[in-house]
Protein chains: 4
Amino acid sequence: MAKANETTKTETSEVNAGHLRAFVERIERLEEEKKALSGDIKDVYGEAKANGFDVKIMRKIVSIRKQDRDSRIEEETILDLYLAALGMN
Amino acid sequence: MAKANETTKTETSEVNAGHLRAFVERIERLEEEKKALSGDIKDVYGEAKANGFDVKIMRKIVSIRKQDRDSRIEEETILDLYLAALGMN
Amino acid sequence: MAKANETTKTETSEVNAGHLRAFVERIERLEEEKKALSGDIKDVYGEAKANGFDVKIMRKIVSIRKQDRDSRIEEETILDLYLAALGMN
Amino acid sequence: MAKANETTKTETSEVNAGHLRAFVERIERLEEEKKALSGDIKDVYGEAKANGFDVKIMRKIVSIRKQDRDSRIEEETILDLYLAALGMN
DNA sequence: GCTACTCGGAAGGCGC
DNA sequence: GCGCCTTCCGAGTAGC
């Protein structure tokens with residue numbers, strides 16, 4: 001026990017520090033990938049522009065298509081809520 | 001020429017429509033991947049939390065480390081400018 | 001000029017301080033009003049609940065109605081964009 | 001009773017529908033007012049900016065003052081609790 | 001207590 | 001290059 005106690009606190013800190021560092025680095029790696037994707041998206045818009053498309057309109061199209069998907073999900077959600085409220089689920 | 005003109009406009013529209021659709025779908029695919037990564041990041045935070053770490057503090061750490069990196073880049077950029085101004089690049 | 005210079009700096013600071021304070025207080029007043037409205041909204045939901053309505057469903061209804069309005073605006077926006085792109089505005 | 005039963009359900013639905021609609025519209029009206037206030041606040045920041053003030057810093061000031069107020073309220077609440085515990089309220 | 005939603009602030013992209 | 005607008009992130013709040 002004595003020996004264990006001598007080292008426990010430090011070891012715990014070390015473990016926690018290493019553990020924490022691992023989590024932080026995993027997050028940073030994922031954020032790097034996200035950033036890269038953002039760059040890719042920007043590139044695609046640039047490519048489209050080079051092909052004569054209007055980027056502003058394209059963005060709106062993407063935005064509206066997204067809204068449509070979201071609305072569909074919302075409506076399904078409220079339908080579920082109604083069904084649940086009526087004890088029909 | 002006349003015959004060509006008859007079809008040109010429609011063909012062009014078709015080509016443009018297909019082209020546009022391709023760009024939009026590429027963008028949507030990339031945004032899907034971004035969204036997935038956001039989910040992964042959220043999961044990592046959740047995992048860290050389950051291991052006893054404080055998520056709010058972790059976010060601060062990640063944020064500060066990012067700022068430090070940005071500052072470093074900023075400083076390197078300024079350094080490059082100075083070196084260039086001195087003809088030392 | 002000399003006399004003006006004697007006081008200019010201090011006066012400017014005073015003016016700025018007073019000016020800044022005025023802006024800050026106007027903002028805080030407006031935020032107070034916003035907060036009061038949030039409270040009112042909460043009260044209405046509470047009242048509805050007391051009348052047997054399902055607050056969660058009500059929130060969804062309000063949310064969907066808002067989305068519908070937003071979608072309508074978005075669609076008008078993209079229509080305007082198309083018209084502008086075609087030189088028809 | 002039979003006659004009553006014939007109409008009760010429909011009447012109830014109608015009453016509920018009207019009632020629900022009234023609540024929803026009250027909420028939407030209040031949210032409109034909130035949105036208008038948000039616009040006013042934005043305008044004040046814009047006005048301050050036009051007068052040479054740094055908006056980002058102003059936001060920090062407002063935020064800090066709010067925290068201070070909250071802290072004060074928190075402290076008063078705790079004080080009240082102590083006083084109550086001591087039977088001195 | 002944890003999760004999900006909402007809101008305000010900050011950053012990035014676009015147009016003038 | 002600057003300002004505007006939209007988008008994204010973090011914080012606080014309400015519900016289960």
Side-chain angles (χ1 to χ4, degrees), chain A residues 27-28 30-31 34-35 37-46 48-49 53-64 66-67 70 73-74 77-78 80-81 84-85, chain B residues 27 30-31 34-35 37-39 41-43 45-47 49-50 52 54-64 66-67 70 74, chain C residues 27-28 30-31 34-35 37-39 41-46 48-49 54-60 62-64 66-67 70 73-74 77-78 81 84-85, chain D residues 27 30-31 34-35 37-39 41-43 45-46 49-50 54-64 66-67 70 74:
Chain A
I27 289 163
E28 287 173 344
L30 291 167
E31 289 190 344
K34 266 187 73 179
K35 192 178 174 184
L37 284 172
S38 294
D40 292 347
I41 291 169
K42 190 183 168 186
D43 291 345
V44 176
Y45 276 117
K49 185 176 186 176
F53 293 105
D54 183 312
V55 172
K56 189 171 176 182
I57 291 178
M58 284 185 66
R59 286 187 185 277
K60 272 285 171 226
I61 291 171
V62 170
S63 164
I64 287 175
K66 185 174 187 303
Q67 274 196 31
D70 292 347
I73 292 168
E74 283 274 90
T77 302
I78 201 169
D80 289 344
L81 285 174
Chain B
I27 289 163
L30 291 167
E31 289 189 345
K34 265 187 73 177
K35 191 178 174 185
L37 284 172
S38 294
I41 291 169
K42 190 183 169 188
D43 291 344
Y45 277 117
E47 202 181 326
K49 183 176 187 176
D54 183 311
V55 172
K56 188 173 174 181
I57 291 176
M58 284 185 66
R59 285 185 186 278
K60 275 265 177 275
I61 291 170
V62 170
S63 165
I64 289 170
K66 185 174 187 302
Q67 280 181 28
D70 292 347
E74 184 92 351
Chain C
I27 289 163
E28 287 172 346
L30 291 167
E31 289 190 345
K34 267 187 73 177
K35 192 179 175 184
L37 284 172
S38 294
I41 290 169
K42 192 182 168 187
D43 291 344
V44 176
Y45 277 117
K49 185 175 186 176
D54 183 312
V55 172
K56 189 172 177 181
I57 291 177
M58 283 185 66
R59 286 186 185 277
K60 274 284 173 226
V62 171
S63 164
I64 287 175
K66 184 174 187 304
Q67 274 196 33
D70 292 348
I73 292 167
E74 282 274 90
T77 302
I78 201 171
L81 285 174
Chain D
I27 288 163
L30 291 167
E31 289 189 346
K34 266 186 72 178
K35 191 178 174 184
L37 284 172
S38 294
I41 291 169
K42 189 183 169 188
D43 291 345
Y45 277 117
K49 184 177 188 176
D54 183 311
V55 171
K56 189 173 173 181
I57 291 177
M58 283 184 66
R59 286 186 186 278
K60 276 264 175 275
I61 291 171
V62 170
S63 166
I64 289 170
K66 184 174 187 304
Q67 281 181 27
D70 292 346
E74 184 91 349

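Here is how names work: the chains are called A, B, and so on, in the same order as the sequence lines, proteins then strands, and each is numbered from 1. Any value given below was found using the heavy atoms of this structure, including those in side chains, with hydrogens, waters and symmetry copies removed. Computed from a predicted model, the values in this text were never measured in an experiment.
Nearest heavy-atom pair, A:Ile78 versus C:Ile57, reported as atom, atom and distance to 0.1 Å: CD1-O, 4.2 Å.
When the C1' atom of F:dT7 is taken as reference, atom CD of C:Glu74 falls 12 Å away, rounded to whole Å. Note: NZ (A:Lys35) to P (F:dC8) measures 16 Å, nearest angstrom. F:dT6 atom P lies 17 Å from atom CD1 of A:Ile61, rounded to whole Å. Rounded to an integer number of Å, the gap from B:Ile27 CD1 to F:dT7 P is 13 Å. Between the P atom of F:dC16 and the CD1 atom of C:Ile57 lies a distance of 11 Å, rounded to the nearest Å.
Partners of C:Glu28 according to the side-chain hydrogen bond (donor to acceptor under 3.5 Å, both in side chains) rule, which considers only residues two or more places apart in sequence or in another chain, are D:Arg65, D:Arg69. Not counting sequence neighbours, the partners of C:Gln67 by the side chain to side chain contact (heavy atoms under 4.5 Å, CB included) test are A:Ser71, A:Glu74, C:Ser63.
Inter-residue side-chain proximity for A:Asp40 and A:Leu37 is flagged as met; some heavy-atom pair is nearer than 4.5 Å. For the pair C:Asp54/A:Leu81, no side-chain contact is recorded, criterion being any heavy-atom separation below 4.5 Å from C-beta on. Using a 4.5 Å heavy-atom threshold, the side chains of D:Tyr45 and D:Val62 count as touching.
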Annotated protein contacts, base or backbone, on nucleotides 3-15 of chain E with a non-hydrogen cut-off under 4.0 Å, one of B, S, - each: S----SSSS-SS-
